[in-house]
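Following: one structure in structure tokens, then a few remarks.
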Amino acid sequence: MVQPDISFKERYFLFIGGEQMPPSTDEYISSYDPATGDSFTEIAVAGSRDVDEAVSTARTAFESWRNVSPEKRGRIVHRIGRKIRDSTDELAAIECKDQGKSISQAQSDMRGAWRYFEYYSGVADKLEGQSVPVGSDQVDFTLREPYGVSAQITPWNFPGNLFARGVAPALVAGNTVVVKPAPQTALSTLRLAKLCSEAGLPEGAVNIITGTGESTGQPLVSHPDIDTITFTGSVTTGQSIMKHAADTVTPVTLELGGKNPAMVFPDAPLDRTAESIASAIFTNAGQVCSAADRLLVHEDIHDQLVDRITSIVAEYEIGPGIEDPDVGPLASAEHKNRVLEYIAIGKEEGATPLLGGNALDRPGYFVEPTIFTDVQNDMRIAQEEIFGPVLSVISFRDEEEALSIANDTTYGLTAGIFTNDITRAHRLARYLEAGNVYVNKWFGDTTQTPFGGYKHSGIGREKGLEALDSYLQTKNVAIDISEEGSGTLPGA
Ligand code: NAD
């Protein structure tokens with residue numbers, strides 16, 4: 001695969017009102033290459049003054065962007081998609097270096113990114129309200145209006161792709177945005193914002209403030225002049241954001257990860273299922289909120305299935321993202337340590353480490369793909385999100401027990417059923433407590449399909465037309481057309 005030659009600046013500024021702006025704090029933090037552990041550039045740390053500046057710039061831009069005709073808004077958003085498409089190789093190379101993921105995965109992320117802009121661009125002129133029949137003396141209709149300034153906080157596992165997932169629907173609905181990417185992986189977001197400008201998006205409609213959760217994220221989510229918040233990340237941070245949002249009564253859309261069960265029954269095709277499960281947990285080194293991190297397998301096929309998965313994974317190549325391995329490094333040194341701690345916890349809890357379980361003896365943040373068997377569902381490795389290349393295998397006796405184990409978690413993002421019995425698949429799909437259920441496959445979500453969590457996995461939905469509900473509020477307009485005035489009382 002031929003890669004574009006990307007050169008990185010010594011440091012990156014904030015992006016506010018279409019301009020690169022140094023931060024008022026005069027502080028910068030290093031960005032590290034996960035494949036080597038070397039620092040290769042610095043990003044700015046925005047403080048409260050920069051957050052104020054970004055929010056007021058987005059507010060000013062909102063007053064004109066909301067009045068751009070829907071047709072034109074759609075065209076601009078479509079052009080952003082084209083720009084991203086034309087820059088796929090460059091963006092993927094940036095993501096691969098900054099996040100550590102394989103170059104194929106980074107390419108796929110960027111195809112997804114332009115697809116969001118393309119998909120939502122067509123909706124801009126179809127955001128229709130309704131006419132409500134209330135009788136002959138009144139005309140009543142609804143308008144779907146943008147909220148205003150959308151604050152978006154993104155994580156480090158799919159930075160560029162998740163920028164597009166939130167920004168595209170926000171813009172078509174007429175909002176402007178302030179995005180705070182994760183400090184570990186801010187570079188693709190800064191490049192994407194520049195591409196938005198180059199596509200003709202008015203200055204100030206997309207602003208990027210980089211920095212840590214404390215320096216930048218917290219002042220953004222508590223800012224009195226933001227109108228809606230979209231966040232993807234951990235449950236703890238999501239809870240903190242909700243508390244801040246309560247003070248200003250700001251609506252939140254939260255996507256908070258999962259501890260997702262894949263249930264495999266004896267009638268499932270074993271080779272195909274083993275391939276699906278291996279990629280469902282080890283893609284992106286397991287740093288995927290919808291990954292299949294709990295494998296629930298019927299006791300009759302437990303050993304066969306585990307053998308097949310193990311032999312697939314044992315052949316995996318592990319290496320720097322740019323070499324397009326099956327498994328790349330984790331995104332940061334801190335996260336590598338967190339994953340290794342969970343592996344140690346699994347061993348202490350009495351689970352059997354069948355494969356992997358160690359860091360690689362080389363620079364960078366590499367952890368071997370790891371499979372634990374003999375896992376009980378009340379163990380921490382079965383309940384807490386590890387967010388790394390670690391599969392926990394749990395055995396079950398029958399459908400009832402499988403369902404009970406699957407739902408016995410505080411999370412509820414995705415779940416999978418592998419079976420050839422269509423009635424069982426429908427039955428279980430109905431009772432699984434998860435926002436997304438896959439049957440005989442994994443990662444069944446597309447740009448068009450709503451995605452989000454039950455229980456602690458979140459609030460609201462991203463993707464598909466349903467995502468627009470996070471960016472539009474309904475106004476009802478009632479007009480008296482009677483000759484004498486109808487004068488209804490409240491509560492009628
Ligand atoms: P995090 O939730 O703390 O960080 C996500 C984003 O929130 C980052 O941009 C961060 O800077 C920002 N942030 C942090 N504290 C904030 C605050 N108080 N106010 C506003 N913004 C804030 O996640 P993390 O610490 O980077 O990773 C911890 C764990 O979170 C991971 O191990 C994983 O389990 C989970 N995670 C989940 C997802 C997901 O896709 N759902 C993504 C990344 C991490």
Side-chain angles (χ1 to χ4, degrees), residues 29 31 34 43 45-46 48 51 99-101 109 151-159 161-163 165-166 178-186 188-189 208-223 226 229-245 247 250 252-260 283-291 293 330-343 345 365 367 380-381 383-390 409-414 435-436 443 445 451-453 455-460 462-463:
I29 42 180
S31 256
I43 58 152
V45 176
S48 296
V51 173
Q99 203 280 343
K101 61 178 61 201
D109 289 10
Q152 308 220 346
I153 301 196
T154 55
W156 40 258
N157 53 339
F158 287 86
N161 185 274
L162 297 185
F163 166 91
R165 183 172 88 175
V178 178
V179 182
K180 193 210 85 64
Q184 300 87 341
T185 56
S188 59
T189 301
I208 313 297
I209 45 172
T210 51
T212 66
E214 203 179 9
S215 65
T216 318
Q218 207 171 310
L220 177 61
V221 295
S222 5
H223 200 286
I226 57 165
I229 300 170
T230 296
F231 168 76
T232 302
S234 64
V235 174
T236 317
T237 302
Q239 288 167 327
S240 154
I241 287 174
M242 264 183 103
K243 285 178 190 147
H244 287 290
D247 290 339
T250 303
V252 292
T253 301
L254 305 175
E255 197 266 87
L256 306 179
K259 195 70 194 175
N260 310 301
T283 293
N284 211 38
Q287 303 162 114
V288 185
C289 51
S290 53
D293 31 18
L330 295 169
S332 66
E334 183 196 10
H335 190 53
K336 172 185 164 186
N337 292 336
R338 188 185 293 133
V339 170
L340 289 173
E341 262 171 47
Y342 271 112
I343 291 174
I345 289 168
Y365 314 138
V367 173
R380 285 183 63 192
I381 58 164
Q383 289 293 322
E384 298 174 22
E385 190 179 48
I386 301 174
F387 220 64
V390 183
T409 161
T410 53
Y411 287 102
L413 189 58
T414 65
N436 293 73
F443 300 131
D445 325 290
F451 181 80
K455 304 194 284 191
H456 286 195
S457 288
I459 295 177
E462 312 251 18
K463 303 186 172 196

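Read the numbers this way: they start at 1 and go in the same order the structure lists the ligands and their atoms.
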Test side-chain hydrogen bond (donor to acceptor under 3.5 Å, both in side chains) on S234 and T237; report intermediate values, then the result.
CA-CA 5 Å; S234 64; T237 302; 3.1 Å; yes
Would you say [X] and ligand 1 have an N/O pair spaced under 3.5 Å apart?
X: R338; value: yes
X: Q184; value: no
X: T237; value: yes

Give the atoms of ligand 1, by number and element, whose distance to some non-hydrogen atom of [X] is under 4.0 Å.
X: C289; answer: 39 (C), 40 (O), 41 (N)
X: E385; answer: 33 (C), 34 (O), 35 (C), 37 (C)
X: Q218; answer: 18 (N), 19 (N), 20 (C)
X: E255; answer: 41 (N)
X: P155; answer: 42 (C), 43 (C)
X: G257; answer: 41 (N)
X: F231; answer: 2 (O), 5 (C), 6 (C), 7 (O)
X: W156; answer: 24 (P), 26 (O), 27 (O), 44 (C)

Geometric cation-pi criterion K336 and Y365, 6.0 Å radius, 45° cone
no
Could you tell me the residue and atom name of the protein heavy atom closest to [atom], and the distance to it rounded to 0.1 Å?
atom: atom 13 (N) of ligand 1; result: G213 CA, 3.5 Å
atom: atom 12 (C) of ligand 1; result: I153 CG2, 3.7 Å
atom: atom 20 (C) of ligand 1; result: G217 C, 3.3 Å
atom: atom 10 (C) of ligand 1; result: K180 NZ, 3.9 Å

Distance (rounded to the nearest 0.5 Å) between [X] [atom1] and [Y] [atom2]:
X: L162; Y: F231; atom1: CG; atom2: CZ; value: 11.0 Å
X: T236; Y: I241; atom1: OG1; atom2: CD1; value: 11.0 Å
X: F451; Y: C289; atom1: CZ; atom2: SG; value: 4.5 Å

Treating [X] as the side-chain partner and [Y] as the backbone partner, does any N or O pair qualify as donor plus acceptor under 3.5 Å?
X: E384; Y: I381; value: no
X: K259; Y: G412; value: no
X: S215; Y: G211; value: no

In D109, T232, T185, the residue satisfying side chain to side chain contact (heavy atoms under 4.5 Å, CB included) with F158 is D109
Could you see which bit of [X] sits under 4.0 Å from ligand 1, with heavy atoms only: side chain, backbone, both or neither?
X: T154; answer: backbone
X: S240; answer: side chain
X: H335; answer: side chain
X: L256; answer: backbone

In sequence, state the C-alpha distance, the side-chain angles, and the governing distance for E255 and R165, and then conclude on salt bridge (charged side-chain N to carboxylate O under 4.0 Å, His left out).
CA-CA 12 Å; E255 197 266 87; R165 183 172 88 175; 3.1 Å; yes
Can you tell if the side chain of T212 reaches within under 4.5 Å of the side chain of I29, non-hydrogen atoms only?
yes
Nearest option to atom 30 (O) of ligand 1, as decided by whichever heavy atom of P159, G458, P219, S234 sits closest
S234
For atom 44 (C) of ligand 1, tell me which residue out of F387, Y411, Y342 has the closest non-hydrogen atom.
F387
Measure the acute angle between the ring planes of W156 and H335, then classify it against the limits of 30° and 60° as parallel, tilted or perpendicular.
tilted
State, to 0.1 Å, how close K101 and N157 come at their nearest heavy-atom pair, and which atoms those are.
NZ-O, 2.9 Å
N260 vs T414, test: side-chain hydrogen bond (donor to acceptor under 3.5 Å, both in side chains). Steps then yes/no.
CA-CA 5 Å; N260 310 301; T414 65; 3.3 Å; yes
Residue-ligand contact E334/ligand 1, heavy atom below 4.0 Å
no
Touching ligand 1 at all, F158? Heavy atoms, strictly under 4.0 Å?
no
Would you verify that at least one protein heavy atom lies under 4.0 Å from atom 4 (O) of ligand 1, or report that none does?
no
